[in-house]
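Each residue takes its place number in the sequence, starting with 1. Only heavy atoms go into these numbers, but all of them, side chains included; no hydrogens, no water, no symmetry mates. Remember, it's a predicted structure, so these values are computed and weren't measured experimentally.
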Amino acid sequence: MKFINDNGALVFYHNGEMGRIEAWGPDALRVRTTMLGKFTGNDWALTEPIPAAAATVTVEEEDHWVGDGTIDKREIATITNGRIRAVVNFVGILSFYRDDKLFLREYFRMYDGTLSRESRCLKVVNRTWKGIIGGTEHALSVKFESNDAERIFGMGQYQQPYLDLKGCTLELAQRNSQISVPFALSSLGYGLLWNNPAVGQVTFGKNYTEWVARSTREMDYWITAADTPKAILERYTAVTGRAGQFPEDLMGLWQCKLRYRTQDEVLTVARQYQAEGIKIDQIVIDFFHWTVQGDWKFDHTYWPDPKAMVDELHAMGIKVIVSVWPSVDRRSENFGPMMERGLLIRTERGALQTYDYQGDCVEIDPFNPETRKYVWEVCRRNYYDLGIDAFWLDNSEPDYGVYDFDHYRYCDGPALAVSNIYPQMYSRVFYDEMSKLGKPVVNLLRCAWAGSQKYGNVIWSGDVPSTFEAFADQLQCGLNMGLAGIPWWTTDVGGFMTDDVNDPDFRQLLIRWYQFAVYSAVLRMHGDRGPYNIPPLDDRDWGGGYLHTGQPNELWSYGEENYAIMRKYYDIRISLHDYIKSLYDEASENGSPLIRTMFYEFPEDPVCWRLSDQYMFGSRYLAAPILQLNQFEREVYLPAGSWKLTSTGEVFPGGGRVTVAAPIDYMPVFERI
């Protein structure tokens with residue numbers, strides 16, 4: 001084992017592996033190793049400038065028992081940055097300490113000829129590299145010891161009922177409604193960013209934790225230690241970036257459905273909202289308003305004067321957002337030029353196709369700066385110059401026809417090695433150019449990666465079913481997304497997929513979901529509403545008229561009783577404007593999410609670490625959503641303090657559980673006083 005102090009960074013060499021540990025922000029370290037003799041230079045999510053740190057590196061000897069019973073001297077190295085310390089022993093095992101207390105150590109079960117305490121006959125080492133034949137990438141596995149007392153949160157969005165991820169195996173890959181943001185926040189007082197966009201998986205097992213990258217050139221992670229989840233998240237977002245200032249005129253209601261087919265439909269809905277006295281902040285024009293995928297322009301048969309439409313909407317105080325997909329149909333006017341210039345994803349074998357919904361398509365390669373420039377120029381000319389305010393960057397994973405990641409390649413390398421950062425690169429097609437124009441950038445995406453919060457991304461949870469089970473899952477999704485550094489997060493109110501809008505059970509779900517959305521970052525009506533008995537506008541197999549549309553999805557679309565409830569909660573949302581603005585400001589200042597786990601605000605309360613069916617909306621409001629059909633009361637845990645029930649004004653002492661009424665027109669919410 002060889003150790004070098006490289007100007008305050010600890011460099012080590014062992015069995016062909018080179019490692020580097022260095023200070024990276026207060027009480028934080030960046031850890032990298034490689035088998036290639038040099039690092040790539042990619043910072044990935046670690047994009048923010050960091051202050052100079054005075055890390056201390058020491059190399060010393062320690063006693064070690066050897067096979068004949070004698071004591072030998074072996075070198076170990078230590079790097080200390082504030083409250084965090086990493087130790088590398090003579091076989092390259094890493095251990096991490098906070099205030100001199102061990103909190104994380106690599107897993108090692110290997111006979112090395114010394115009969116050390118770590119030695120076993122299992123031949124399991126802490127880091128394994130397996131070269132991919134014919135390339136420079138390796139498959140990488142990194143194991144850590146597990147701790148039975150630990151709870152783990154963050155990591156993005158997974159469609160499951162678990163807030164605490166201890167015991168879970170998570171695919172590190174992007175899919176529709178699955179978002180890999182590989183930052184884990186531990187109840188033991190540390191956070192770890194797996195700073196690697198490779199496809200793989202992580203298992204937070206009872207016996208050990210294992211991170212796997214299926215194709216990579218280096219191991220790269222960032223680790224910090226702090227007293228509270230809020231402090232950990234503040235440190236994490238300081239090095240990966242924070243959300244910008246969210247515009248005040250987008251904090252109310254966003255109106256959307258699948259799909260407004262004509263500009264007359266859009267204007268009719270907007271005028272009706274105005275007649276009802278309801279201000280909508282933004283109206284969304286969904287997919288297949290275009291000719292074919294990849295043309296990125298309105299079908300003028302049904303959108304004859306989009307600029308006049310936008311002008312009228314702007315006069316009502318309504319902003320306009322349009323759907324853009326990364327897929328390019330072979331029939332598109334842009335397919336030939338983009339194919340010729342190498343601006344599309346490549347396949348490793350067989351026919352060139354990556355997506356097959358409503359066309360034979362290949363998706364764009366946003367890793368290529370020429371792709372980003374090309375797509376922006378088309379969308380600027382056909383949308384932005386007409387006054388369109390923002391872009392709904394749908395299918396942003398990208399949504400592959402088949403998720404065989406080993407089949408696709410970008411200009412920066414194989415999809416296996418970098419695909420998880422695709423949605424962030426796709427968002428930068430628009431953010432990088434729009435941000436130069438001096439206006440806040442707020443685009444809507446279906447996916448994200450670590451650091452996406454700094455690129456003007458509102459993330460929604462994808463095409464999820466319209467069920468109470470899915471609704472409960474979305475609460476876990478949103479809370480863990482916030483703990484992964486993504487504060488601008490939302491859902492389709494009522495879920496995306498509905499067979500029958502007249503079903504009373506669905507309408508009850510819609511109301512409960514809407515009540516939750518009022519106490520979340522973005523209030524957005526959207527969904528694909530059956531039954532599908534609305535005939536297409538024409539019989540072409542392309543253009544804005546042929547594809548189906550769903551049933552109406554405006555606030556008044558579900559009967560007078562439900563309209564009255566939604567109108568009541570709309571008024572609540574508007575009354576919270578100043579408070580919601582303060583939460584967005586806080587997200588920009590320190591990375592705090594708008595919807596927060598109970599332990600985020602009450603880390604000293606052990607009960608709060610086990611709660612997954614209630615949350616804090618900022619620091620003031622405790623929200624207890626109704627997550628089951630025909631549930632009209634529920635139990636709520638109140639932490640220490642005094643709490644006022646917003647429905648009656650009754651004040652409850654904290655430190656225990658209470659049962660409160662939840663009629664269909666009320667979701668239990670307590671104000672902290």
Legend entry - Distance-only polar pair, side chains of Gln255 and Tyr273, donor-acceptor under 3.5 Å: yes
Inset, instruction - Run the salt-bridge test on Glu586 and Arg596 with the 4.0 Å N-O cut-off and return the result as yes or no. - result: yes
Inset, instruction - Measure the acute angle between the ring planes of Tyr426 and Phe430, then classify it against the limits of 30° and 60° as parallel, tilted or perpendicular. - result: perpendicular
Inset, instruction - May I ask you to check whether Phe288 and His548 place their ring centers less than 6.0 Å from one another? - result: no
Legend entry - Aromatic contact, His289 with Tyr302 (centres under 6.0 Å): no
Inset, instruction - Would you give the length of the straight line joining atom CG of Leu445 to atom CZ of Phe391, rounded to the nearest 0.5 angstrom? - result: 12.0 Å
Legend entry - All pairs passing side chain to side chain donor-acceptor pair (under 3.5 Å) where residues 561-572 contributes a residue, at least two apart: Glu276-Tyr563
Legend entry - Stepwise side chain to side chain contact (heavy atoms under 4.5 Å, CB included) check, Asp286 with Tyr260: CA-CA 7 Å; Asp286 201 351; Tyr260 297 124; over 6 Å; no
Inset, instruction - Return yes if some donor-acceptor pair links the side-chain N/O of Glu363 with the main-chain N/O of Ile345 below 3.5 Å, else return no. - result: no
Inset, instruction - Would you name the heavy atoms of Cys411 and Asp365 that are closest together and state the gap between them? - result: N-OD2, 2.7 Å
Inset, instruction - For the residue pair Leu352 and Met339, establish whether any side-chain heavy-atom pair is separated by less than 4.5 Å. - result: yes
Inset, instruction - Determine, for Tyr403 and Arg175, whether the Lys NZ or Arg CZ falls below 6.0 Å from the six-membered ring centre while staying within 45 degrees of the axis. - result: yes
Inset, instruction - Indicate yes or no: does Glu589 engage Arg242 in a salt bridge with an N to O separation below 4.0 Å. - result: no
Legend entry - N/O donor-acceptor pair under 3.5 Å between Tyr579 side chain and Arg620 backbone: yes
Inset, instruction - Check Ser452, Ser396, Ser180 against Cys447 for a side chain to side chain contact (heavy atoms under 4.5 Å, CB included) and give me the one that passes. - result: Ser396
Inset, instruction - Evaluate the side-chain proximity of Trp488 to Val522: yes if any heavy-atom separation is below 4.5 Å, no if none is. - result: no
Legend entry - Under 3.5 Å donor-acceptor, Arg330 side chain and Gly336 backbone: no
Inset, instruction - Classify the side-chain pair Gln263/Asp305 by whether it contains a donor and acceptor separated by less than 3.5 Å. - result: no
Legend entry - Side-chain heavy atoms of Ile595 within contact of Leu479, under 4.5 Å: yes
Legend entry - Test item: Gln551 side-chain N/O and Pro531 main-chain N/O as donor-acceptor pair under 3.5 Å: yes
Legend entry - Donor-acceptor contact below 3.5 Å, side chain Thr549 vs main chain Arg259: yes
Legend entry - Under 3.5 Å: donor-acceptor pair, side chain of Lys257, backbone of Gly550: yes
Legend entry - Side-chain H-bond candidate by donor/acceptor type, Tyr532 with Asp528, under 3.5 Å: yes
Legend entry - Residue of the set Asp492, Thr490, Thr491 for which side-chain hydrogen bond (donor to acceptor under 3.5 Å, both in side chains) holds with Trp460: Asp492
Legend entry - Glu48 with Lys454: basic N within carboxylate O range, under 4.0 Å: yes
Legend entry - Exercise: identify the closest heavy-atom pair between Tyr422 and Ile364: OH-O, 2.7 Å
Inset, instruction - Check for a donor-acceptor pair, side chain of Asp281 on one end and backbone N or O of Gly252 on the other, with a separation under 3.5 Å. - result: yes
Inset, instruction - Run the salt-bridge test on Lys307 and Asp311 with the 4.0 Å N-O cut-off and return the result as yes or no. - result: yes
Legend entry - Expected output: side-chain Arg507 to main-chain Tyr558 donor-acceptor under 3.5 Å: yes
Legend entry - Qualifying salt bridge (charged side-chain N to carboxylate O under 4.0 Å, His left out) pairs, either residue in residues 381-394, two or more places apart: Arg380-Asp385, Asp394-Arg446
Legend entry - Backbone of Ala450 reached by a side-chain donor or acceptor of Gln424 within 3.5 Å: yes
Legend entry - Expected output: side-chain Thr354 to main-chain Tyr400 donor-acceptor under 3.5 Å: no
Legend entry - Face-on cation placement of Arg524 at Trp489 ring, 6.0 Å and 45° thresholds: no
